[in-house]
Amino acid sequence: MEKATPSATLLFILVVFITWVRTDGLTPPVNVTIKALRANSAVVTWDIPEGEPVIGFAITQQKKDVRMLRFIQEVNTTSRSCALWDLEEETDYIVHVQSISTRGPSPPSEPLRFRTPKEAEKLESKTKDEVTMEEVGQSTQLRAGELIIIVVVLIMWAGVIALFCRQYDIIKDNEPNNNKDKAKNSSECSTPEHPTGGLLRSKLPKNRKASVNIIEV
């Protein structure tokens with residue numbers, strides 16, 4: 001159990017004194033509830049009866065079975081909510097809310113007890129429909145990165161296609177010149193007897209038979 005320091009004791013005495021001060025006609029806040037409960041933070045909300053000349057609020061936060069208190073006060077505001085921070089997970093807390101007018105504070109509201117959850121339990125209870133601002137920012141950055149990659153790939157493909165078309169046009173333009181060179185070389189190698197070129201061959205008579213002479217001695 002934590003020990004109360006002198007400053008905490010003075011604060012406790014101050015809160016007790018404020019609690020006993022009564023302002024004629026000023027009623028305590030109603031419908032005190034806890035929202036956005038997390039392992040280390042929470043938001044306390046309340047309502048003010050109509051017609052109350054309220055200019056601020058005061059909140060007393062206390063751990064269960066611990067004398068140390070946290071006193072939060074704010075004036076010149078119409079806010080009906082207050083954030084509680086630096087809470088401990090799996091810890092019981094008690095909260096009182098008071099309205100503040102120009103003549104002083106109202107009696108405290110009925111005590112509100114709540115317990116902070118574990119960090120793991122909070123993450124498991126988060127539904128798919130709940131999207132935090134951090135997740136939205138990460139999703140936006142991811143989409144921007146994907147878009148940049150797609151644009152770069154499209155530019156590269158366009159460059160490859162343009163290069164291919166250019167090379168194809170060059171090859172197509174050089175094809176008639178190659179055909180002319182081939183025809184010229186073929187005409188230089190040709191002869192009168194062999195228009196298509198080639199080696200000259202001696203002509204031999206067809207159906208020529210070998211003769212044999214016999215000499216008698």
query: Heavy-atom distance under 4.5 Å between the side chains of R113 and K64, does that happen here?
result: no
field: 4.5 Å side-chain heavy-atom contact, P29 and S106
entry: yes
- prompt: With a 4.5 Å limit on heavy-atom distance, are the side chains of V97 and P28 in contact?
  reply: no
task: Can you sort out the partners of T33 under side-chain hydrogen bond (donor to acceptor under 3.5 Å, both in side chains), two or more places apart, ordered by chain and number?
output: T45
query: Are any non-hydrogen side-chain atoms of V43 and I34 less than 4.5 angstrom apart?
result: no
- request: Could you tell me which residues satisfy side-chain hydrogen bond (donor to acceptor under 3.5 Å, both in side chains) with N40, sequence neighbours excluded, listed by chain and number?
  value: none
field: Hydrophobic cluster partners of V153 (side-chain heavy atoms under 4.5 Å)
entry: I149, W157
- request: Could you walk me through whether Q62 and R70 pass side-chain contact (heavy atoms from CB on, under 4.5 Å), step by step?
  value: CA-CA 6 Å; Q62 178 185 6; R70 173 182 287 175; over 6 Å; no
query: Hey, quick one: are I94 and V32 part of the same hydrophobic cluster, counting side-chain heavy atoms closer than 4.5 Å, chains of contacts allowed?
result: no
- prompt: Are any of the side-chain heavy atoms of Q98 and I59 separated by less than 4.5 Å?
  reply: no
- request: Salt-bridge test for K63 and E88: reply yes if a basic N is under 4.0 Å from a carboxylate O, no otherwise.
  value: yes
query: Minimum heavy-atom separation for A83 to I72, with atom names?
result: O-CD1, 4.5 Å
query: What residues join I161 in its hydrophobic cluster, counting side-chain heavy atom gaps under 4.5 Å, either direct or through other members?
result: none
Within residues 37-66 or reaching into it, pairs that qualify as ring pair (Phe, Tyr, Trp, His ring centres under 6.0 Å) - sequence neighbours excluded: W46-F57
- request: Dump the intermediate steps for side-chain contact (heavy atoms from CB on, under 4.5 Å) on L84 and S41, then the final yes or no.
  value: CA-CA 6 Å; L84 306 178; S41 63; over 6 Å; no
- prompt: Taking ILVMFWY side chains as joined if any heavy atoms are under 4.5 angstrom apart, and letting links pass through other members, which residues group with V152?
  reply: I148, M156
field: salt bridge (charged side-chain N to carboxylate O under 4.0 Å, His left out) involving R80 - partner list, sequence neighbours excluded
entry: none
Shared hydrophobic cluster, W85 / V44 (ILVMFWY, side-chain heavy atoms < 4.5 Å): yes
field: Nearest non-hydrogen partners of S99 and I48, listed with the distance
entry: OG-CD1, 3.0 Å
- request: Starting from the C-alpha separation in whole Å, work towards a yes-or-no answer on side-chain contact (heavy atoms from CB on, under 4.5 Å) for E52 and L26.
  value: CA-CA 7 Å; E52 295 288 346; L26 190 61; 3.0 Å; yes
field: Results of side-chain contact (heavy atoms from CB on, under 4.5 Å) for R166 - residues two or more places apart only
entry: I170
- request: Taking salt bridge (charged side-chain N to carboxylate O under 4.0 Å, His left out) as the test, write out the residues that go with D47, two or more places apart.
  value: none
- request: Decide side-chain contact (heavy atoms from CB on, under 4.5 Å) for E119 and E89; before the verdict, give the C-alpha distance in whole Å, the side-chain angles of both, and the deciding distance to 0.1 Å.
  value: CA-CA 7 Å; E119 186 68 26; E89 63 181 19; 3.9 Å; yes
- request: Considering only Ile, Leu, Val, Met, Phe, Trp and Tyr, and joining two whenever side-chain heavy atoms are under 4.5 Å apart, list the other residues clustered with I100.
  value: I55, V75
task: With sequence neighbours excluded, give me every ring pair (Phe, Tyr, Trp, His ring centres under 6.0 Å) pair touching residues 88-110.
output: Y93-F114
